[in-house]
Amino acid sequence: MKVLVVDDEPLARDRLIRLLADMDSVNNVKSAANGIECLEKLSTFQADVVLLDIRMPGENGLQVAEQINQLITPPAIIFCTAYDEYALEAFRVKAQNYLVKPVSRVALSKALENSGQVTRAHISTLNHQAEVDAISVHNGREKELVPLAEVFYFRADQKYVSMFCERGERIMDDSLKAFEERFPDSLVRVHRNTLVFRPRIERLHRDNEGGYWVTLKDVPEPISVSRRHAKDIKKLF
């Protein structure tokens with residue numbers, strides 16, 4: 001993996017470079033001190049991932065990310081910043097992750113691993129969309145940004161809501177109703193405790209006892225559909 005570290009603070013830049021040096025998955029690291037230098041480096045250095053600061057002299061990291069996304073084969077972008085209030089904006093410029101300084105080795109390693117699961121072709125496809133819907137997941141000081149397209153379904157269990165996605169299971173702070181209202185065109189309720197990502201639905205079937213089930217793409221087990229919501233699911237077909 002080739003990584004470009006972009007940060008105007010030499011100490012922060014050097015720290016990330018040291019963390020990357022200990023990772024077997026990273027074999028080439030370069031650095032830049034600002035947005036202009038970042039774009040210049042990317043013209044000759046085919047980075048797989050850019051670790052990008054947000055507050056920098058001149059163009060900030062969000063503005064630089066917009067320009068990176070205009071490249072024919074843009075690298076994945078992981079923001080590394082001392083500020084946590086830019087997570088939503090980071091999502092809108094298609095960031096793959098959002099880490100709050102000081103970045104730990106474990107958090108950085110996981111972020112790089114997740115970015116490697118997103119192919120350049122996938123990122124290029126996302127660049128043609130007017131806006132990428134995404135969900136921010138809190139994990140201590142860190143924020144993980146999960147594109148809605150990676151979600152399988154949400155399930156409520158007593159006090160918690162779990163999101164099942166391509167990256168595994170994540171515990172969410174918001175309610176099912178909040179997600180349903182935020183993404184009315186993408187999420188559909190199949191049960192009082194379950195929302196599914198509509199584009200994942202492949203099949204609706206009925207078992208021998210009269211119960212309804214939906215099969216989702218890339219989900220091995222079928223999802224139960226209540227009789228109350230079965231009519232709405234049928235309309236999707």
Side-chain angles (χ1 to χ4, degrees), residues 1 24-25 48-49 76 78 91 94-98 106-107 109-126 128-129 132-140 142-237:
M1 182 181 294
D24 295 335
S25 61
D48 298 297
V49 178
I78 298 174
F91 240 165
K94 307 173 181 64
Q96 297 304 309
N97 219 315
Y98 190 99
V106 172
S109 178
K110 288 182 179 179
L112 291 174
E113 180 182 352
N114 288 335
S115 71
Q117 296 173 359
V118 182
T119 66
R120 285 177 174 269
H122 184 202
I123 297 172
S124 182
T125 299
L126 293 179
H128 292 288
Q129 299 177 4
V132 176
D133 289 322
I135 298 167
S136 176
V137 183
H138 292 264
N139 183 14
E142 302 163 15
K143 285 188 179 181
E144 180 182 16
L145 304 178
V146 180
L148 184 61
E150 293 186 11
V151 173
F152 300 142
Y153 62 95
F154 295 87
R155 175 164 292 162
D157 182 10
Q158 296 182 354
K159 297 181 180 180
Y160 302 99
V161 171
S162 294
M163 178 178 71
F164 296 86
C165 62
E166 293 177 5
R167 306 180 188 190
E169 181 180 355
R170 300 291 188 270
I171 303 300
M172 310 301 295
D173 294 328
D174 294 322
S175 65
L176 287 183
K177 183 177 180 181
F179 287 116
E180 192 174 29
E181 292 177 348
R182 181 180 173 190
F183 304 110
D185 297 326
S186 300
L187 299 178
V188 59
R189 191 178 288 268
V190 298
H191 196 280
R192 62 179 177 80
N193 67 353
T194 310
L195 288 173
V196 303
F197 183 48
R198 186 174 300 183
R200 294 272 181 181
I201 298 178
E202 291 187 328
R203 178 171 173 254
L204 172 68
H205 65 278
R206 196 172 187 180
D207 61 26
N208 294 332
E209 298 179 356
Y212 289 94
W213 302 82
V214 287
T215 301
L216 305 183
K217 181 180 179 182
D218 298 325
V219 178
E221 298 295 329
I223 306 295
S224 176
V225 180
S226 68
R227 293 179 182 274
R228 175 184 176 186
H229 295 96
K231 183 178 180 180
D232 294 331
I233 304 303
K234 288 178 181 178
K235 292 179 180 178
L236 299 180
F237 294 87

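For clarity, every value in this text was computed on a predicted model and none was experimentally measured.
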*Return yes when atom CD of E221 has more than 12 non-hydrogen atoms of other residues, nucleotides or ligands closer than 6.0 Å, and no otherwise.*
no
Heavy-atom side-chain proximity of [X] to [Y] below 4.5 angstrom:
X    : Y    : answer
L145 : I135 : no
V196 : L216 : yes
V188 : I201 : yes
W213 : D207 : yes
F152 : D218 : yes
N193 : D157 : no
F179 : D174 : yes
L187 : R198 : no

Which heavy-atom pair separates [X] from [Y] by the least distance, and what is that distance?
X    : Y    : value
S186 : P199 : O-CD, 3.9 Å
S136 : M172 : O-CE, 4.2 Å
R192 : R189 : O-NH1, 2.8 Å
C165 : V151 : CB-CA, 3.9 Å
G210 : R206 : O-NE, 3.1 Å
S162 : E169 : OG-OE2, 2.8 Å

*Would you check if there is a donor-acceptor pair between the side chains of E202 and T215 at a distance under 3.5 Å?*
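Short answer, no.
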*Take V137 and M163 through the side-chain contact (heavy atoms from CB on, under 4.5 Å) test and state the conclusion after the steps.*
CA-CA 10 Å; V137 183; M163 178 178 71; 3.9 Å; yes
*Report the C-alpha separation of F183 and L148 in whole Å, then their side-chain angles, then the decisive distance to 0.1 Å, and conclude whether the side-chain contact (heavy atoms from CB on, under 4.5 Å) test is met.*
CA-CA 9 Å; F183 304 110; L148 184 61; 3.6 Å; yes
Table please: side-chain donor-acceptor pairs of residues 227-237 below 3.5 Å, with sequence neighbours left out.
from, atom 1, to, atom 2, distance (Å)
H229, ND1, S226, OG, 2.8
K234, NZ, Y212, OH, 3.1

*Salt bridge or not for R200 and E166, using N-O below 4.0 Å?*
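A salt bridge links R200 with E166.
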*Does a side-chain N-to-carboxylate-O contact under 4.0 Å join E144 and R167?*
yes
*Test side-chain contact (heavy atoms from CB on, under 4.5 Å) on Y153 and R155 and set out the steps.*
CA-CA 7 Å; Y153 62 95; R155 175 164 292 162; 4.0 Å; yes
*Roughly how far, to the nearest 0.5 Å, is OG1 of T194 from CG of L176?*
7.5 Å
_Can you tell me how far apart OH (Y160) and OG (S175) are? Round to the nearest 0.5 Å._
15.5 Å
